[in-house]
Amino acid sequence: LVTTGEYQSAFDHFDKAAQLEPKNPDIWLALGIAYGLTGQMNKAEASCRQALALQPDSAGIRFNLANALQGQGKLAEAETEYEAALKLEPGMAGGWSMLAQARVGLRKFEEARVAATRALMLVPRMGEANFTLGCAEEALGNKEQACAHFRLAAEVLPGLPDAHLRLGQ
């Protein structure tokens, strides 16, 4: 039901599943993802924390918890969870990209550059990682590198207005 946008029905079924099997981390994670998709980040965080308590060694749960934290502006906590997820699954390009975003928000531009570069080593044309690397390079005063990454981000994600805005500036 989440895939068809029927979120309330999905929540009803997830709630029922959680009542029937409260110690199943997959149920809590699915609930957290659904809350995140609907912008209910505090509920997404709570559901992901429930899942994490049941399965602390899951990179996917930690990644989704970090997304919920970042969505609430809790960037330092998000950074910690992205790092923990990447220790468990270092080949997660999206994790490196999101870690880079959190670090840009924390004004840790050198560290953001490293994380975005790791994402791009895994998926060279990842639009989000190129955009974030562009932001880090721009903040570090590397205008030409920033433009190159904004240009690639705009090419890969033509619907990303910020890439076009930054490129135009």
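Keep in mind it's a predicted model, so treat the numbers as computed, not measured.
- Hydrophobic clustering places V104 together with L140 (ILVMFWY residues linked when any side-chain heavy atoms are closer than 4.5 Å, directly or through intermediates).
- Taking every heavy atom of both residues into account, A51 and P25 meet most closely at CB-O, 3.5 Å.
- Residues F63 and M98 form a side-chain contact, since some pair of their non-hydrogen atoms from C-beta on lies under 4.5 Å apart.
- Atom NE2 of H13 sits about 13.0 Å away from atom CG of L31, to the nearest 0.5 Å.
- Ion pair K143/E137 not flagged as a salt bridge, since none of the NZ, NE, NH1 or NH2 atoms sits closer than 4.0 Å to an Asp/Glu carboxylate oxygen.
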Run the numbers on N64 and L29 for side chain to side chain contact (heavy atoms under 4.5 Å, CB included), then give the verdict. CA-CA 8 Å; N64 283 285; L29 177 58; 3.8 Å; yes
L20 vs I27, side chain to side chain contact (heavy atoms under 4.5 Å, CB included): CA-CA, chis, key distance, verdict: CA-CA 10 Å; L20 295 169; I27 294 169; over 6 Å; no
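- Looking at heavy atoms from C-beta onward, R113 lies in side-chain contact with N142 at the 4.5 angstrom threshold.
- Within a 6.0 Å radius of CD in E144, other residues, nucleotides and ligands contribute 12 heavy atoms or fewer.
- Here the shortest heavy-atom pairing between A116 and L133 reads CB-CB, 3.7 Å.
- Under the rule for a side chain to side chain donor-acceptor pair (under 3.5 Å), Q55 has no partner lying at least two apart in sequence or in another chain.
- Side-chain N/O atoms of E128 and Q101 include no donor and acceptor closer than 3.5 Å.
- Among residue pairs with one or both ends in residues 156-166, those qualifying as side-chain hydrogen bond (donor to acceptor under 3.5 Å, both in side chains) are E138-R166; sequence neighbours excluded.
- Although no hydrogens or angles enter the test, the distance criterion places a donor-acceptor pair under 3.5 Å between the side chain of W96 and the main chain of P90.
- Side-chain contact between L120 and H149 is present, with at least one heavy-atom pair separated by less than 4.5 Å.
- At distances below 3.5 Å, at least one donor-acceptor pair connects side-chain atoms of R103 with backbone N or O atoms of E111.
- Of all heavy-atom pairs between E81 and L65, the closest is CD-CD2, 3.7 Å.
- Here the side chains of C135 and F150 are in contact, with some heavy-atom distance below 4.5 Å.
- Between T38 atom OG1 and I33 atom CD1 the span is 12.0 Å, to the nearest 0.5 Å.
- Rounding to the nearest 0.5 Å places CG of N67 at 10.0 Å from CG of L37.
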Salt bridge (Lys or Arg N to Asp or Glu O under 4.0 Å) for R62 and E83? Distances and angles first, verdict last. CA-CA 9 Å; R62 288 189 178 278; E83 289 170 343; over 6 Å; no
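- Taking each heavy atom of A146 and G134 in turn, the nearest pair found is CB-O, 3.4 Å.
- Residues L167 and C147 approach most closely at CD1-O, 3.6 Å, considering heavy atoms.
- Checked against the 6.0 Å centroid threshold, Y35 and F11 count as a close aromatic pair.
- The line from CZ of F14 to CG of D12 is 10.5 Å long, rounded to the nearest 0.5 Å.
- Across G32 and C48, no two heavy atoms sit closer than the pair CA-SG, 4.1 Å.
- To the nearest 0.5 Å, atoms CD (Q40) and OH (Y7) are separated by 11.0 Å.
- V123 and L86 fall within the same hydrophobic cluster, where Ile, Leu, Val, Met, Phe, Trp and Tyr residues are linked whenever their side-chain heavy atoms come under 4.5 Å apart, directly or through other members.
- Under the 4.0 Å criterion applied to side-chain N and carboxylate O atoms, K16 and E21 are not assigned as salt-bridge partners.
- Here the side chains of S58 and L88 are not in contact, with every heavy-atom distance at 4.5 Å or above.
- At a threshold of 4.5 Å between non-hydrogen side-chain atoms, the residues Q70 and M41 do not count as touching.
- A 4.5 Å side-chain heavy-atom check between K108 and E79 finds at least one atom pair inside the cut-off.
- Contact annotation: the side chain of L54 never approaches that of I61 to less than 4.5 Å [non-hydrogen atoms, C-beta and beyond].
- Partners of E77 according to the side chain to side chain contact (heavy atoms under 4.5 Å, CB included) rule, which considers only residues two or more places apart in sequence or in another chain, are R49, L69, K74.
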